[in-house]
Amino acid sequence: MALNPQYEIIGKGFVSTYYALFDDPNQRHSLVTMYNAESSFMTFEGQQIQGSAKIAEKLQSLTFQKISRAITAIDSQPMFDGGVLINVLGRLQTDEDQPHAYTQTFVLKPIGTSFFVQHDVFRLALHDLA
C-alpha cells in the first residue's frame, strides 16, 4: 500500500470528530466504534488497555462532565501501510479543575475505505518539580 496523500486532511478531520464525541459525556460511549475489538491499544495516563470493550470501559469510567479544550497543533504523517500518525498538542480543563497541557497520539490503521484507531496514547503534561 502507498502513502496516503490526504494524511493532513484525514488527521484534522479525525481529531475534530474524535474530540466532538469525547467532549460530550452523552456521546463519549460512541467512540468505541472507532476502535478494533482486539487490535486497538490505548495508553491513558500510563494505564495500558487493549481491545475496544476495555477501552470503552475506560472511557465510560471518566467522571468529568465538562471539558474546555484548546488545540495548539495537529501534526500528521503518512504511514507506509496507508495509515496516518497523528499527534495533538493542546490544553484542556475538566469541570472546575486547573487547566493542563496535554499530548495525544493516534495511529489510524486503514481497513477497507475507512480507518480504525490502532494506537491511542494520552498524557497530561504534568511535571513533578519538587
Side-chain angles (χ1 to χ4, degrees):
M1 194 175 259
L3 295 174
N4 191 324
Q6 301 294 314
Y7 67 92
E8 287 189 60
I9 293 167
I10 292 166
K12 288 179 180 171
F14 169 79
V15 168
S16 175
T17 300
Y18 185 91
Y19 288 148
L21 295 172
F22 186 95
D23 293 354
D24 181 348
N26 297 317
Q27 296 296 317
R28 197 172 296 143
H29 70 278
S30 63
L31 288 171
V32 69
T33 63
M34 294 185 175
Y35 296 90
N36 181 276
E38 297 174 1
S39 60
S40 287
F41 292 88
M42 174 186 272
T43 302
F44 191 90
E45 288 293 306
Q47 179 186 6
Q48 302 287 333
I49 307 160
Q50 181 179 355
S52 60
K54 296 283 187 189
I55 291 169
E57 283 178 30
K58 178 60 183 176
L59 294 174
Q60 288 301 107
S61 76
L62 302 173
T63 58
F64 48 83
Q65 293 298 303
K66 186 176 89 175
I67 297 179
S68 173
R69 183 185 307 270
I71 295 175
T72 304
I74 301 171
D75 297 308
S76 301
Q77 293 180 351
M79 297 175 58
F80 287 104
D81 66 355
V84 180
L85 172 67
I86 306 163
N87 189 67
V88 181
L89 176 65
R91 185 175 178 95
L92 62 81
Q93 180 178 13
T94 57
D95 294 332
E96 304 306 318
D97 292 342
Q98 283 279 81
H100 295 289
Y102 76 96
T103 184
Q104 190 162 13
T105 303
F106 300 96
V107 172
L108 302 185
K109 180 85 170 163
I111 183 167
T113 59
S114 189
F115 297 90
F116 72 91
V117 179
Q118 186 172 43
H119 299 280
D120 176 356
V121 180
F122 173 85
R123 181 69 77 163
L124 291 173
L126 303 175
H127 303 280
D128 184 6
L129 300 175

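Atoms considered below: every heavy atom in the structure, side chains included; atoms not considered: hydrogens, waters and symmetry mates. Please read all numbers here as calculations on a predicted model, not as lab measurements.
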* **Closest approach of Asp95 to Thr63 (non-hydrogen atoms, all atoms of both residues)** => OD2-O, 4.5 Å
* Asked: Measuring from Asp24:CG to His29:NE2, what's the distance to the nearest 0.5 Å?
  -> 9.5 Å
* Structure fact -> Between Phe115 and Gly82 the two heavy atoms that sit nearest each other are CE2-O, 3.5 Å
* From CD (Gln118) to OH (Tyr35), nearest 0.5 Å -> 12.5 Å
* Structure fact -> In short, Met79 meets Leu85 closest at the heavy-atom pair SD-N, 3.8 Å
* Considering residues at least two apart in sequence or located in another chain, which fulfil the side-chain hydrogen bond (donor to acceptor under 3.5 Å, both in side chains) criterion with Gln98? -> none
* To do: Find the distance between CD (Gln47) and CE (Met42) and round it off to the nearest 0.5 Å.
  => 9.5 Å
* Could you pull out the closest heavy-atom pair between Ser52 and Val32, with the gap in Å? => O-CG2, 3.4 Å
* Report whether Phe44 and Phe116 are members of the same hydrophobic cluster (ILVMFWY, side-chain heavy atoms less than 4.5 Å apart, transitive linking). => no
* So do the side chains of Ile71 and Tyr102 get within less than 4.5 Å of each other, counting heavy atoms only? -> yes
* Report yes if some heavy atom in the side chain of Phe22 is under 4.5 Å from a heavy atom in the side chain of Leu62; otherwise report no. => yes
* Which atom of Arg28 lies closest to which atom of Phe64, heavy atoms considered -> NH2-CE1, 3.4 Å
* Inter-residue atom distance His119.NE2 - Phe41.CZ, 0.5 Å rounding -> 6.5 Å
Side-chain donor-acceptor pairs under 3.5 Å in residues 103-111, sequence neighbours left out?
{"residue": "Thr103", "atom": "OG1", "partner": "Asn87", "partner atom": "OD1", "Å": "3.4"}
{"residue": "Thr103", "atom": "OG1", "partner": "Val88", "partner atom": "O", "Å": "3.3"}
{"residue": "Gln104", "atom": "OE1", "partner": "Tyr19", "partner atom": "OH", "Å": "2.8"}
{"residue": "Gln104", "atom": "NE2", "partner": "Asp120", "partner atom": "OD1", "Å": "2.8"}
{"residue": "Thr105", "atom": "OG1", "partner": "Asn87", "partner atom": "OD1", "Å": "2.6"}
{"residue": "Lys109", "atom": "NZ", "partner": "Asp81", "partner atom": "OD2", "Å": "2.8"}

* Scan for salt bridge (Lys or Arg N to Asp or Glu O under 4.0 Å) pairs involving residues 30-56, sequence neighbours excluded, and state none if there are none. => none
* To do: Just jot down the side-chain contact (heavy atoms from CB on, under 4.5 Å) partners of Thr43, sequence neighbours excluded, or say none.
  => Gln48, Val121
Without placing hydrogens or testing angles, list every side-chain donor-acceptor pair under 3.5 Å for residues 2-16, not counting sequence neighbours.
{"residue": "Asn4", "atom": "OD1", "partner": "Gln6", "partner atom": "N", "Å": "2.9"}

* Any chain of hydrophobic side-chain contacts (each under 4.5 Å) joining Ile67 to Leu21? -> yes
* Asked: Residues in salt bridge (Lys or Arg N to Asp or Glu O under 4.0 Å) with Asp23, at least two apart?
  -> Arg69
* Asked: Is it the case that one hydrophobic cluster holds both Leu89 and Leu126, taking links as side-chain heavy atoms less than 4.5 Å apart, direct or via other members?
  -> no
* To do: Please answer: with hydrophobic residues joined when any side-chain heavy atoms are less than 4.5 Å apart, are Tyr18 and Leu92 in the same cluster?
  => yes
